[in-house]
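Report on one structure; see the data block that follows.
Note: hydrogens, waters and symmetry copies are ignored here, and every other heavy atom, side chains too, is used. Treat the numbers as computed from the prediction; the structure is a model and nothing was measured. For this chain, numbers begin at 1 and follow the sequence in order. Just so you know, ligand 1 is whichever comes first in the structure, and atom 1 is the first atom listed for that ligand.
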Amino acid sequence: MDEEALKLRALDLGFDTVGVCDAKPAPHHDFYKRWLARGHHGTMDYLESHLPLKEHPENLLPGVRSVIAVTLNYNQPNPPQPGRPRIARYALGRDYHKVLRGKLKALSRWIEEAHPGAQCRPCVDSAPIFERDYANLAGLGWFGKNTMLIDSHRGSWFFIGVLLTTVPFEADAPAVGGCGTCTRCIEACPTGAIVFEDGRWQIDARRCVSYLTIEHRGEIHTDTHGWTFGCDVCQEVCPFNQPRESQPLRAAMTREPDFQPRHSWPSLAEVAELDEGKWEELTQGSAIRRTRLDGMRRNARVNVRQEKA
Ligand code: B12
Ligand code: SF4
Ligand code: SF4
């Protein structure tokens with residue numbers, strides 16, 4: 001099938017970039033294993049139980065030949081509002097799992113119509129696959145010291161989705177690039193979560209504000225530096241995310257209507273005491289649900305305490 005047609009279809013569906021790589025074994029599975037062995041995943045036990053499945057996309061779709069990787073920009077202005085919850089940009093609008101999955105399903109249908117008998121499997125975030133690695137192999141970006149996948153022209157404010165398919169498409173070349181001598185994210189990270197070990201910069205999730213406010217259960221004993229859900233500091237400071245005249249796509253705003261903010265949140269003091277009904281209303285169809293009501297209340301309490309200190 002014509003790769004050109006596939007890519008045009010993906011762009012038509014609203015994705016910002018698309019690339020293809022062969023369905024080969026995960027290139028950095030051993031590094032990931034050592035990252036887990038160091039305990040950097042904290043209590044994200046699902047990452048450990050996914051370990052064997054992550055070795056090869058064949059484990060997710062028998063007969064898979066190609067991995068189609070896509071990106072979708074979620075960037076939008078997000079100035080801090082004193083006294084209100086500080087929510088990372090990726091979670092301001094509709095849950096990205098739903099948005100990307102819907103578009104990837106439409107792409108699957110298109111492939112399956114052209115190739116009767118073909119099989120496809122969309123993966124967004126929660127499937128056991130190294131999304132950044134396959135997106136890198138498909139030419140969509142390289143690894144920054146903050147571990148984000150960075151597109152030299154656009155920056156890193158994008159989600160990644162992958163579509164596994166039994167149809168063989170011609171592969172693109174992997175993306176190349178690098179941070180050079182820059183260390184801005186490492187200096188700016190409020191909790192020192194970007195650490196150099198095992199020959200690479202990586203995140204010790206146990207210190208990362210994003211992990212603490214979203215994935216961690218139980219009390220938070222450290223400062224979350226004003227963040228109530230997620231954290232964007234290591235992207236906000238990255239030079240690849242600063243607007244630049246010679247790079248018109250860099251730091252561009254999202255074109256996805258579903259990512260527009262859905263609600264205006266009540267004050268931190270109110271969020272700290274939020275009831276079930278209001279929580280349901282505020283988080284319907286939103287990725288914020290991941291932290292659960294008790295997590296969001298806890299995060300707001302931490303913010304209130306820190307504002308007073
Ligand atoms: C677990 C997880 C987290 C954890 C851990 C983050 C981390 N950096 O590992 C926590 C909760 C902290 C987190 C936070 C965030 N996350 Co997150 N997360 C994931 C998830 C589910 C798995 C990531 C993973 O495998 N980590 C394990 C470690 C070992 O990965 P790593 O350090 O990046 O190492 C890889 C590379 O360095 C490479 N590598 C290793 N050795 C070598 C050697 C060479 C030479 C090279 C070139 C490469 C290489 O291979 C390694 C394995 O993949 C992915 C979705 C998915 N299924 O992939 C989303 C994902 C990475 N997250 C995403 C986002 C948006 C975020 C946040 C921005 C959300 C927020 N605002 O709060 C933050 C950013 C924090 C940060 N700086 O990473 C996006 C990233 C998009 C992008 N442009 O990169 C993803 C891809 C989800 C998606 N579908 O869009 N996340
Ligand atoms: S998301 Fe925040 S806490 Fe986590 S590594 Fe980036 S700057 Fe540090
Ligand atoms: S801030 Fe600098 S070091 Fe960090 S990811 Fe961006 S370019 Fe790389």
**Q.** Gln306-Asp223 side chain donor-acceptor pair, cut-off 3.5 Å
**A.** yes
Q: Would you check the N or O atoms of Asp133, main chain and side chain alike, for any that come under 3.5 Å of an N or O of ligand 1?
A: yes
Q: State, without any angle test, whether Ser210 and Trp227 hold a side-chain donor-acceptor pair at a distance under 3.5 Å.
A: no
Q: Decide whether a cation-pi geometry holds between Arg290 and Tyr46; the criteria are a distance under 6.0 Å from NZ or CZ to the six-membered ring centre and an angle within 45° of the ring axis.
A: yes
Q: Indicate, as side chain, backbone, both or neither, the part of Asp125 found under 4.0 angstrom from ligand 1 when only non-hydrogen atoms are considered.
A: both
Q) Does the separation of the ring centres of Phe159 and Phe259 fall below 6.0 angstrom? A) yes
Q. To which of Asp30, Ile160, Thr147, Asn146 does the heavy atom nearest atom 32 (O) of ligand 1 belong?
A. Thr147
Q. So is there a nitrogen or oxygen of Phe31 less than 3.5 Å from a nitrogen or oxygen in ligand 1?
A. no
Q) Do Leu11 and Leu100 share a hydrophobic cluster, counting only Ile, Leu, Val, Met, Phe, Trp and Tyr and linking them when any side-chain heavy atoms are less than 4.5 Å apart? A) yes
Q) Does any N, O or S atom of Cys185, backbone or side chain, fall under 2.8 Å from atom 4 (Fe) of ligand 3? A) yes
Q | Nearest non-hydrogen partners of Arg206 and Arg38, listed with the distance | A | NH2-O, 3.5 Å
Q: Determine, stepwise, if the pair Trp265 / Phe229 fulfils ring pair (Phe, Tyr, Trp, His ring centres under 6.0 Å).
A: CA-CA 12 Å; Trp265 279 77; Phe229 184 90; 8.8 Å; no
Q. Which ligand 2 atoms, with their elements, are less than 4.0 angstrom from a heavy-atom of Ile203?
A. 5 (S)
Q. What do you reckon, does Tyr74 have a nitrogen or oxygen under 3.5 Å from a nitrogen or oxygen of ligand 1?
A. no
Q: Between Asp232 and ligand 1, find which residue part has any heavy-atom pair under 4.0 Å and reply side chain, backbone, both or neither.
A: side chain
Q. Is there at least one pair of N or O atoms, one from Ile129 and one from ligand 1, spaced under 3.5 Å apart?
A. yes
Q) So Tyr90 and Tyr96, would you call those rings parallel, tilted or perpendicular, with 30° and 60° as cut-offs? A) perpendicular
Q | Of the listed options Tyr96, Trp227, Phe143, closest to atom 47 (C) of ligand 1 (non-hydrogen atoms) | A | Phe143
Q: Using distance alone, decide if ligand 1 has a nitrogen or oxygen within less than 3.5 Å of any nitrogen or oxygen in Phe130.
A: no
Q. Against heavy atoms of Ser210, which atoms of ligand 1 measure under 4.0 Å?
A. 14 (C), 15 (C), 70 (C), 72 (O), 73 (C)
Q | Result of checking Lys103, Lys7, Arg255 against Asp16 for salt bridge (Lys or Arg N to Asp or Glu O under 4.0 Å) | A | Arg255
Q. Is it the case that Arg207 and Thr191 place a side-chain donor and acceptor less than 3.5 Å from each other?
A. no
(Q) Below the 3.5 angstrom mark, is there an N/O of Trp35, backbone or side chain, next to an N/O of ligand 1? (A) no
Q.
Out of Arg89, His41, Arg132, who is nearest to atom 7 (C) of ligand 1 when you count heavy atoms only?
A. Arg132
Q: Go through ligand 1 atom by atom and flag the ones less than 4.0 Å from a non-hydrogen atom of Gly230.
A: 72 (O)
Q.
I need the atoms of ligand 2 closer than 4.0 Å to a non-hydrogen atom of Val233, numbered in the order shown.
A. 7 (S)
Q.
Is it true that Thr17 and Thr71 share a donor-acceptor pair across their side chains at a distance under 3.5 Å?
A. yes
Q: Check the surroundings of atom CZ in Arg34: do more than 12 heavy atoms from other residues, nucleotides or ligands lie under 6.0 Å from it?
A: yes
Q) Backbone or side chain, does Cys208 get an N/O/S atom under 2.8 Å to atom 6 (Fe) of ligand 2? A) no
Q: For ligand 2, indicate whether the residue Asn146 contacts it via side chain, backbone, both or neither (heavy-atom separation under 4.0 Å).
A: neither
Q: Report, in ascending order of atom number, the atoms of ligand 1 lying under 4.0 Å from any heavy atom of Cys208.
A: 12 (C)
Q.
Under 4.0 Å, heavy-atom basis, I'd like to know which part of Cys231 is in contact with ligand 1: side chain, backbone, both or neither.
A. backbone
(Q) Could you work out, for atom 46 (C) of ligand 1, the closest of Gln235, Glu131, Arg34, Arg200 by heavy-atom distance? (A) Arg200
Q: Of all the heavy-atom pairs spanning Leu149 and Gly141, show the shortest one and how long it is.
A: CD1-O, 3.4 Å
Q. Which part of Leu149 is near ligand 1, with near meaning a heavy atom under 4.0 Å away: side chain, backbone, both or neither?
A. both
Q. Should you measure from each heavy atom of Thr191, which atoms of ligand 2 turn up under 4.0 Å away?
A. 3 (S)
Q. Does Tyr211 reach ligand 1 with a nitrogen or oxygen that is under 3.5 Å from one of the ligand's nitrogen or oxygen atoms?
A. no
**Q.** Which of the ligand 1 atoms, numbered from 1, are nearer than 4.0 Å to a heavy atom of Ala88
**A.** 71 (N)
Q: Look at atom 3 (S) of ligand 2 and find which of Thr224, Val209, Thr147 reaches it with the closest heavy atom.
A: Val209
Q: Identify the protein heavy atom lying closest to atom 8 (Fe) of ligand 2, giving its residue, its atom name and the separation to 0.1 Å.
A: Cys189 SG, 2.3 Å
Q) Going by the atom numbers of ligand 3, which of them fall below 4.0 Å from some non-hydrogen atom of Pro239? A) 1 (S), 2 (Fe), 6 (Fe), 7 (S)
(Q) For the 3.5 Å polar cut-off, considering only N or O atoms, please tell me whether Tyr32 and ligand 1 meet it. (A) no
(Q) List ligand 3 atoms under 4.0 Å from Cys238, heavy atoms only on the residue side. (A) 1 (S), 6 (Fe), 7 (S)
Q: Can you sort out which atoms of ligand 2 are near Pro190, meaning under 4.0 Å from one of its heavy atoms?
A: 7 (S)
Q. Any N or O on Tyr90 sitting closer than 3.5 Å to an N or O of ligand 1?
A. no
Q) Counting heavy atoms only, which of Val162, Leu47, Val176, Leu72 comes nearest to atom 1 (C) of ligand 1? A) Leu47
(Q) Please tell me if atom 67 (C) of ligand 1 is touched by the protein, where touching means a protein heavy-atom distance below 4.0 Å. (A) no
Q. Just to confirm, does any protein heavy atom lie below 4.0 Å from atom 34 (O) of ligand 1?
A. yes
Q | Nearest protein heavy atom with distance in Å, relative to atom 7 (S) of ligand 2 | A | Cys234 N, 3.3 Å
**Q.** For Cys234, atoms of ligand 1 separated by under 4.0 Å from a heavy atom
**A.** 77 (N)
Q) Can you tell which part of Ile194 has a heavy atom less than 4.0 Å from ligand 2: side chain, backbone, both or neither? A) side chain
